[in-house]
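Here's the structure we're looking at; comments come further down.
Throughout, residue positions are numbered sequentially from 1 according to the sequence presented.
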Amino acid sequence: MQNTAKQVAEYLLQIKAIKLEPTNPFTWASGWKSPIYCDNRKTLSFPEVRTYIKKAFAQAVKEKYPEVEVIAGVATGAIALGALVAEEMNLPMVYIRSSAKAHGMTNLIEGEVKSGQKVVVIEDLISTGGSSLKAVEALREANCDVMGMLAIFTYGFQKAEDNFTNANCNVDTLSNYNVMIDRAQEIGYVKPEDVNQLKQWRKDPGNWGV
């Protein structure tokens, strides 16, 4: 998995799905100042990257959850990812909305899933884990057996780790913040003097840059 983590990190940097701007930080919707912006939906626009991630996900699912029966994607960023993985594995696929439809069947889960089915959830990005775990909760309320979640990337916040532990949900990612920073240094994507700033942000993102 270490080689996969490095390759995924490099791809995300190459296609600018991850942007690093420690001297000109981004402002997240939460109000946090951040030296990183991550939009993994960009992977869909690059066939080589998209295929690598699809196959890495499928391999991880086979190794960790061989009894899986359904792949679920989290809306909206992981709907296409979930479909790619499900197609690769020849499995049924559903996706989970962020909120129920206000009309029609008012579905939260789109697609067909049966009580007791073993489900693996695909996500594009783990930040605090809040929205990801809402999808897990929706599946559990539908009496599904959520085996675990796999995501492309995580910032590695302690809050996310605690949230997944408290929800009793396994989570793994193809790559992570620490691997990405190391790879960014190796390929000259960031200056050595910026690395400490990037590492400090991850330790205390709420107060960084304030």
query = How would you list, by chain and number, every residue that makes a side chain to side chain donor-acceptor pair (under 3.5 Å) with S175, sequence neighbours excluded?
reply = none
4.5 Å side-chain heavy-atom contact, [X] and [Y]:
X: T76; Y: Y95; result: no
X: L12; Y: M180; result: no
X: F57; Y: I71; result: no
X: K19; Y: F26; result: yes
X: K6; Y: V179; result: yes

Write down the atom of [X], the atom of [Y], and the distance for their closest heavy-atom approach.
X: V68; Y: M89; answer: CG1-CE, 4.2 Å
X: S132; Y: E123; answer: OG-OE2, 2.8 Å
X: F157; Y: S127; answer: CD1-O, 3.4 Å
X: I109; Y: A138; answer: CD1-O, 3.7 Å
X: F164; Y: G129; answer: CE1-CA, 3.8 Å
X: G73; Y: M93; answer: N-CE, 4.2 Å

inquiry  = So does G156 get a backbone contact from the side chain of N176, meaning a donor-acceptor N/O pair under 3.5 Å?
reply    = no
query = For N40, does its backbone N or O pair with a side-chain atom of D124 as donor and acceptor, under 3.5 Å?
reply = no
inquiry  = Regarding Y37 and E21, do their side chains bring together a donor and an acceptor under 3.5 Å, going by distance alone?
reply    = no
ask   = Given the side-chain rings of W32 and Y155, with only the six-membered ring counted for Trp, is the space between their centroids under 6.0 Å?
value = no
note = salt bridge (charged side-chain N to carboxylate O under 4.0 Å, His left out) pairs touching residues 134-162, sequence neighbours excluded, are K118-D145
